[in-house]
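Here the structure comes first, spelled out in structure tokens, and everything after it is commentary.
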Amino acid sequence: MDRLPVTLCGSLSRYPVGLGAAMHEAGYRALGLGFAYVPFPCEDLAAALSGMRALGIRGLGISMPFKIEILPLLDAVDELAARIGAVNTVVNDSGRLTGYNTDAVGAVLAVEEVIPPRGVQVTVIGAGGAARAVAFGLASAGARVCVVNRTERSAHELARSISAALGADVSAGPLSDLAAFANAQVVVNATSATMADRGALSPVPAVALRRDQVVMDIVYKPIRTTLLAQAADRGARVIHGGRMLLHQACRQFELYTGRPAPRLALDAALSRFIAGDES
Ligand code: NAP
């Protein structure tokens, strides 16, 4: 036997969560595809990519903290991912590994469910792999983006790189800059600060949030983060991290299978996962 009986996909993360698997598997079932999805815990990224080649794994989602360090380990990086400077998806074509970024489109589609981003003032918190994609995607969609980060220097570097890539005027500042929140119509947390196993603390003081704002937290473990609880208490509209995960997973599904993603099936898996998580 020279082929696996199923086409295997999965994810590489230091903190694996079952939600991606639940969505992809629901999509495979909906289309009757002979695919399976495994979330792999990973410490050694280069070794894991060798395993991907050796075992013929078709596609892998790349999660925290590997999205930037993976770039030099790949055979090719598609143009959007190269411009963003982060990869969250790897496709294996007969041993040739190509990196893609589906986080950017995921973030834009998640925000668009509540407010069209064009012309809107958005403050993105964070300057890591995910924040790069979120800020780039929203600036590409016409939002006026300000990046704030705990390490201020990284926020300025990210703002400069997006401004250069898009010819947009992306600003930057420290996380302590409350004016960045006062001016924002949309606030997006793209840090890991609100993750359950990273302290679950909101990076924003509650007083900085208002009822006329939209607040998105891209963290999805937990789904209801401390930031979203604060924002809801202040009367803001909130978007949880599952919405971005859904939209970026649909794009991954298409890259892995070559078929349009059955979005309703993936969305239903997301709802079931949230209901299970909260019961
Ligand atoms: P990363 O590259 O490790 O970046 C981490 C970022 O969080 C940095 O900006 C870091 O600031 C900041 N940070 C960490 N702890 C903090 C704290 N206590 N207070 C303030 N800032 C803090 O991670 P990543 O790959 O960008 O992922 C970030 C999060 O996004 C993860 O929870 C991941 O699961 C989530 N994510 C969600 C989706 C989705 O589809 N919903 C997609 C991608 C990622 P410094 O620069 O100062 O260290």
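Predicted, not measured: the structure shown is a model, and the values here were computed from it. As a basis for the values below, the full set of heavy atoms in this structure was taken, side chains included, without hydrogen atoms, waters or symmetry mates. Numbering of ligands and ligand atoms starts at 1, following listing order.
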If the cut-off is 4.0 Å to any non-hydrogen atom of [X], which atoms of ligand 1 fall inside it?
{"X": "Ala193", "answer": "16 (C), 17 (C), 18 (N), 19 (N)"}
{"X": "Gly128", "answer": "2 (O), 4 (O), 9 (O), 26 (O)"}
{"X": "Met195", "answer": "31 (C), 32 (O)"}
{"X": "Gly129", "answer": "2 (O), 26 (O)"}
{"X": "Gly126", "answer": "9 (O)"}
{"X": "Val219", "answer": "32 (O)"}

Does any N or O in the side chain of Gln252 come within less than 3.5 Å of the main-chain N or O of Thr89, such that one atom is a donor and the other an acceptor? no
Are the side chain of Ser13 and the backbone N or O of Ser63 linked by a donor-acceptor pair below 3.5 Å? no
Quick one: nearest non-hydrogen protein atom to [atom], plus distance?
{"atom": "atom 36 (N) of ligand 1", "answer": "Ile218 CD1, 3.5 Å"}
{"atom": "atom 47 (O) of ligand 1", "answer": "Thr151 OG1, 2.5 Å"}
{"atom": "atom 22 (C) of ligand 1", "answer": "Arg150 CZ, 3.8 Å"}
{"atom": "atom 12 (C) of ligand 1", "answer": "Thr191 CB, 3.6 Å"}
{"atom": "atom 5 (C) of ligand 1", "answer": "Ser192 OG, 3.9 Å"}
{"atom": "atom 11 (O) of ligand 1", "answer": "Asn149 OD1, 3.3 Å"}
{"atom": "atom 28 (C) of ligand 1", "answer": "Ala190 O, 3.8 Å"}

Between [Y] and [X], is there a side-chain heavy-atom distance shorter than 4.5 Å?
{"X": "Ile162", "Y": "Val145", "answer": "no"}
{"X": "Val122", "Y": "Val134", "answer": "no"}
{"X": "Arg14", "Y": "Glu43", "answer": "yes"}

Please report whether ligand 1 has a polar contact with [X], defined as an N or O pair separated by less than 3.5 Å (distance criterion only).
{"X": "Pro65", "answer": "no"}
{"X": "Ala130", "answer": "yes"}
{"X": "Ala127", "answer": "yes"}
{"X": "Leu245", "answer": "yes"}

Going by atom types only, do Asn189 and Thr225 share a side-chain donor-acceptor pair under 3.5 Å?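 Thr225 and Asn189 do not have a side-chain donor-acceptor pair below 3.5 Å.
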Donor + acceptor pair across side chains of Thr98, Asp78 (<3.5 Å): no
Could you please spell out the steps behind the salt bridge (Lys or Arg N to Asp or Glu O under 4.0 Å) verdict for Asp212 and Arg234? CA-CA 9 Å; Asp212 60 338; Arg234 302 283 291 176; over 6 Å; no
Sole candidate of Val77, Ile57, Val90, Val91 that passes side-chain contact (heavy atoms from CB on, under 4.5 Å) when paired with Leu97: Val90
The single option from Thr7, Asp93, Asn92 passing side-chain hydrogen bond (donor to acceptor under 3.5 Å, both in side chains) against Arg58: Asp93
Can you name the nearest heavy-atom pair linking Ser192 to Arg198, along with the distance?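 Smallest interatomic distance, heavy atoms only, reads O-CB, 3.5 Å.
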Option with minimal heavy-atom separation from atom 43 (C) of ligand 1, where the choices are His247, Met64, Lys67: Lys67
For atom 42 (C) of ligand 1, which candidate among Asp103, Thr102, Leu158 provides the closest heavy atom? Asp103
Once you measure the plane-to-plane angle for Tyr37 and Tyr28, does it fall in the parallel (<30°), tilted (30-60°) or perpendicular (>60°) bin? tilted
Contact between Ser63 and ligand 1, counting heavy atoms under 4.0 Å? no
